[in-house]
Amino acid sequence: MLTGGLFRGIDASASGMSAEKLRMDIISENIANANTTRTSEGGPYKRKFPIFTPRRQEPLFNIPFVKMPITIESGQGVRVLRIEEDKVEPKLKYEPGHPDANKDGYVAYPNINLATEMINLITASRAYEANVTAARNAKQIMMKALEI
């Protein structure tokens with residue numbers, strides 16, 4: 001992790017790119033398992049999604065007699081807090097010949113909406129591109145500063 005003030009913008013963009021890459025991987029896994037009716041944990045596949053949080057703010061200065069340390073409010077980046085499973089009930093389809101059908105002939109399918117997953121994938125892709133652009137601009141600013 002680059003911690004200098006000069007590289008802070010690139011570091012924040014890099015953390016955003018890592019987070020969005022993970023998000024795209026999870027969305028791809030959701031799409032690939034949209035019709036998985038049997039998992040090793042039992043039951044149909046459950047949709048997953050990441051929970052992001054800002055990186056921990058580190059104090060810039062600790063001033064005696066001041067209770068709150070001075071921190072940077074932005075530009076710290078993001079990290080993945082955890083990956084959660086969706087609690088939505090699975091979709092039931094009547095398919096009595098399916099090997100995973102219950103005694104009434106219904107099969108439990110993951111409750112994954114492909115349109116929603118594609119929208120999330122496009123959003124993650126755009127966020128990744130925005131972070132690439134921000135990192136590229138920060139690099140150009142540093143290069144211009146070296147020319148002075």
A.B. asks: Work out which heavy atom in Ser15 is nearest to a heavy atom in Gly77; give both atom names and the distance.
C.D. replies: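 Residues Ser15 and Gly77, closest heavy atoms: OG-CA, 3.1 Å.
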A.B. asks: Please assess Thr123 against Arg23 for the test side-chain contact (heavy atoms from CB on, under 4.5 Å), listing each intermediate value before the final yes or no.
C.D. replies: CA-CA 10 Å; Thr123 303; Arg23 186 172 161 204; 3.7 Å; yes
A.B. asks: Please report the interatomic distance CE(Met118) to CG(Asn120), rounded to the nearest 0.5 Å.
C.D. replies: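 One gets 10.0 Å once the value is rounded to the nearest 0.5 Å.
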A.B. asks: Not counting sequence neighbours, which residues clear side-chain contact (heavy atoms from CB on, under 4.5 Å) with Ser18? List them please.
C.D. replies: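 For Ser18, no residue satisfies side-chain contact (heavy atoms from CB on, under 4.5 Å) once neighbours in sequence are set aside.
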A.B. asks: Roughly how far, to the nearest 0.5 Å, is the CE atom of Met24 from the CG atom of Leu22?
C.D. replies: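 Atom-to-atom, Leu22:CG and Met24:CE are 9.5 Å apart.
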A.B. asks: Could you state whether Val132 and Ile10 fall into the same hydrophobic cluster, counting links through intermediate Ile, Leu, Val, Met, Phe, Trp or Tyr residues with side-chain heavy atoms under 4.5 angstrom apart?
C.D. replies: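 No; tracing contacts between hydrophobic side chains, which count when under 4.5 Å, never links both residues.
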A.B. asks: Where the side chain of Asp104 meets the backbone of Tyr106, is there a donor-acceptor pair that is under 3.5 Å apart?
C.D. replies: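 Absent.
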A.B. asks: Consider only side-chain heavy atoms of I, L, V, M, F, W and Y, link residues closer than 4.5 Å, and tell whether Ile27 and Leu114 are in one cluster.
C.D. replies: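 The answer is yes; both residues are in one hydrophobic cluster.
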A.B. asks: Not counting sequence neighbours, list each pair that qualifies as a salt bridge (charged side-chain N to carboxylate O under 4.0 Å, His left out) and has a residue in residues 106-134.
C.D. replies: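 Sorted result for residues 106-134: Arg47-Glu117.
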A.B. asks: Going only through I, L, V, M, F, W and Y residues with side-chain contacts under 4.5 Å, is there a path from Ile31 to Tyr128?
C.D. replies: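 Ile31 clusters together with Tyr128.
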A.B. asks: Give the minimum heavy-atom separation between Ala134 and Ser13, together with the two atoms involved.
C.D. replies: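 Closest heavy-atom pair between Ala134 and Ser13: CB-OG, 3.5 Å.
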A.B. asks: Enumerate donor-acceptor pairs with a distance under 3.5 Å from any side-chain N or O in residues 78-101 to protein atoms, sequence neighbours excluded.
C.D. replies:
unit_1 : atom_1 : unit_2 : atom_2 : d
Arg82  : NE     : Glu84  : OE2    : 2.7
Arg82  : NH2    : Glu84  : OE2    : 3.0
Asp86  : OD1    : Val88  : N      : 3.4
Glu95  : OE1    : Tyr109 : OH     : 3.0
Glu95  : OE2    : Tyr109 : OH     : 3.3
His98  : ND1    : Asp100 : N      : 2.9
Asp100 : OD1    : Arg38  : NE     : 2.9
Asp100 : OD1    : Arg38  : NH2    : 2.5
Asp100 : OD2    : Thr37  : OG1    : 2.5

A.B. asks: Excluding sequence neighbours, so at least two apart, what forms side-chain hydrogen bond (donor to acceptor under 3.5 Å, both in side chains) with Tyr45?
C.D. replies: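 For Tyr45 the side-chain hydrogen bond (donor to acceptor under 3.5 Å, both in side chains) partners, ignoring immediate neighbours, are Glu29, Asn30.
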A.B. asks: Can you pull the side-chain hydrogen bond (donor to acceptor under 3.5 Å, both in side chains) pairs that have at least one residue in residues 130-140, sequence neighbours excluded?
C.D. replies: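 Output for this query is empty, none listed.
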A.B. asks: Test of understanding: with side-chain hydrogen bond (donor to acceptor under 3.5 Å, both in side chains), list the residues that count as partners of Asn33, not counting sequence neighbours.
C.D. replies: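 Expected list: Thr36.
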A.B. asks: For the pair Ser125 (side chain) and Leu121 (backbone), establish whether a donor and an acceptor sit closer than 3.5 Å, ignoring hydrogens and angles.
C.D. replies: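 Side chain of Ser125 to backbone of Leu121, a donor-acceptor pair under 3.5 Å: no, none is there.
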A.B. asks: Does CZ belonging to Phe52 count more than 12 external heavy atoms closer than 6.0 Å?
C.D. replies: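 Result for CZ/Phe52: enclosed.
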